[in-house]
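Heads up: the structure comes next, in structure tokens.
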Amino acid sequence: MSNAIDIKGLHKTYRAQGNAPAKKALKGIDLAIPAGSIFGLLGPNGAGKSTLINILAGLVNKTDGKVVIWGFDQDVNPRQSRAAIGVMPQELNMDPFFTPRASLEVQAGLYGVPKSERWTDELLELVGLTDQANAYARNLSGGMRRRLLLAKALVHRPQILVLDEPTAGVDITLREMLWQNVRRLNRAGMTIILTTHYLEEAEQMCDEIAIINHGELVVRQGTRDLLNRADRKTLLIDAGGRVDLPPLPADARPDWRPDGRLAISYPPSRIRADQVLDALRNAGVPILDVASEQPDLEDVFVEMTRT
Ligand code: ADP
Ligand code: MG
């Protein structure tokens, strides 16, 4: 299996309702997600991420297009395509009268997992809910409920795990625990697809990233290549204080940082660092120290979703 997910020409239009007009949430998305990867689906609020994920999960009906999950066309083999994927939804919807153990057993029943193949205790252990196994869901903290949702997504041992904003409003301990689990599952061969608002997180976790905006795919690239795409680097120079600046190479932009350092940003595809430094040195600007800054995913994201 080379692609875990293969999406072609995916459209979703939510019908007009009352005063709300029809909404084109997805406008022809083509996207292949390689098996075995940790794949980030990013985009501003309202971009269509949850719509896309809910279509994958079979929770929202697409308007048009083709969705193939683990080799199974959703329209031809709905059961197999659904069995290949587990989704941890963005919303915390759960039955307050079930205990975590019961909740996992019910979910396993829904997916037709035979009793002998269930791994309820291991799952509870995996998400750190062994001690709460028999507590009512209404007595669980928000963090515990999220962990239960992760366990529920895994009951049928899917090949693909999808996490929609898993760490939104979640404390740092739970976040780290979640990412540890995700990495462990990925090492064991599971394909992971996640959306997150925390770009630093996506930068650290994801092999590849797709950015969507207004229901369209803006870019899809390996994380490293995507970061290089910004074509901006910054030299931070300690000139011993503010000095008059000579003319710099075209496209190099100087700025003084609050700490007194001179920040010169430039496009590395067109200018080399030594051209910037030579211009300063030749004008007698002292260079007491130099550091450099790379763009991060935040910069790239802002640039790509400006409209
Ligand atoms: P994201 O997850 O990227 O924030 P969503 O997929 O939730 O984006 O939403 C995409 C667009 O579709 C938004 O404009 C949103 O208001 C709209 N939308 C989402 N769900 C519905 C729905 N059930 N009915 C009508 N419009 C919806
Ligand atoms: Mg969403």
Side-chain angles (χ1 to χ4, degrees), residues 5-33 38-67 69 74 81-82 85-94 142-143 145-150 152-153 160-170 174-175 178-179 182 191-203 205-206 208-221 223 226 297-298 300-307:
I5 305 266
D6 213 332
I7 296 171
K8 294 233 166 67
L10 185 60
H11 286 262
K12 174 65 191 181
T13 305
Y14 289 105
R15 275 197 224 100
Q17 251 179 4
N19 287 332
K23 172 77 200 177
K24 287 186 180 178
L26 298 175
K27 306 171 188 166
I29 300 265
D30 294 325
L31 183 62
I33 298 180
I38 300 186
F39 193 94
L41 185 62
L42 308 182
N45 249 327
K49 305 178 296 294
S50 291
T51 299
L52 193 152
I53 279 171
N54 290 334
I55 290 172
L56 293 179
L59 300 171
V60 165
N61 290 323
K62 60 184 186 283
T63 305
D64 196 13
K66 186 169 152 144
V67 174
I69 301 173
Q74 213 177 33
S81 69
R82 196 187 288 239
I85 200 167
V87 177
M88 179 178 167
Q90 184 170 5
E91 254 96 72
L92 278 178
N93 53 340
M94 58 180 49
R145 290 180 194 203
R146 270 187 193 277
R147 285 187 267 159
L148 180 55
L149 285 179
L150 173 63
K152 276 178 81 175
I160 305 162
L161 173 66
V162 181
L163 308 147
D164 195 2
E165 304 273 358
T167 54
V170 150
L174 176 55
R175 247 197 233 194
L178 253 165
W179 292 137
V182 163
T191 304
I192 312 282
I193 302 168
L194 61 95
T195 74
T196 176
H197 262 84
Y198 303 102
L199 296 174
E200 211 182 298
E201 213 164 75
E203 192 175 327
M205 290 292 296
C206 300
E208 296 192 55
I209 285 172
I211 298 179
I212 62 174
N213 196 19
H214 303 306
E216 288 172 304
L217 186 71
V218 181
V219 69
R220 178 205 178 289
Q221 251 181 349
T223 308
L226 188 60
L297 194 54
E298 186 96 39
V300 179
F301 183 83
V302 168
E303 190 148 314
M304 304 245 123
T305 57
R306 203 165 275 157
T307 57

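Just so it is clear, the values below take in all heavy atoms, side chains as well, and ignore hydrogens, waters and symmetry mates. Each ligand, and each atom within it, is numbered from 1 in the order the structure gives.
- Contact check for Leu56 versus Ile7: side-chain heavy atoms found under the 4.5 Å cut-off.
- With values rounded to the nearest 0.5 angstrom, Leu26 atom CG is found 10.5 Å from Leu217 atom CG.
- Ligand 1 lies out of reach of Gly215, whose nearest heavy atom is not under 4.0 Å from it.
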| field | Derivation and outcome, side chain to side chain contact (heavy atoms under 4.5 Å, CB included), residues Ile209 and Val219 | value | CA-CA 8 Å; Ile209 285 172; Val219 69; 6.0 Å; no
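- When side chains are defined from C-beta on, Leu297 counts as touching Leu42, because their heavy atoms get closer than 4.5 Å.
- Angle OE1(Gln90) to the Mg ion (ligand 2) to OG(Ser50), rounded to 10°: 70°.
- At the shortest separation from atom 14 (O) of ligand 1 among protein heavy atoms lies Lys23 CE, 3.1 Å.
- In terms of protein heavy-atom proximity, atom 18 (N) of ligand 1 is closest to Tyr14 CE1, 3.4 Å.
- Shortest contact from atom 8 (O) of ligand 1 to any protein heavy atom: Gly48 N, 3.2 Å.
- From the protein, the heavy atom lying nearest to atom 7 (O) of ligand 1 is Ser50 CB, 3.7 Å.
- Of all the heavy atoms of Pro44, the ones lying under 4.0 Å from any atom of ligand 1 belong exclusively to the backbone.
- Screening Leu194, Val162, Leu149 for a side-chain contact (heavy atoms from CB on, under 4.5 Å) with Met88, the sole residue that qualifies is Leu149.
- Under a 4.0 Å criterion applied to the non-hydrogen atoms of Ala47, ligand 1 contributes the atoms 1 (P), 3 (O), 8 (O).
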| Hey, mind stepping through Ser50 and Asp164 against side-chain hydrogen bond (donor to acceptor under 3.5 Å, both in side chains) and telling me if it holds? | CA-CA 7 Å; Ser50 291; Asp164 195 2; 2.7 Å; yes
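- Protein heavy atom at the shortest distance from atom 5 (P) of ligand 1 is Thr51 OG1, 3.7 Å.
- Looking at atom 4 (O) of ligand 1, its nearest protein heavy atom turns out to be Gly46 N, 2.7 Å.
- Each of the atoms 4 (O) of ligand 1 lies under 4.0 Å from some heavy atom of Asn45.
- Phe39 places none of its side-chain heavy atoms less than 4.5 Å from the side chain of Thr191.
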| request: I would like to know whether Leu150 and Leu161 meet side chain to side chain contact (heavy atoms under 4.5 Å, CB included); could you show each step before the answer? | output: CA-CA 9 Å; Leu150 173 63; Leu161 173 66; 4.0 Å; yes
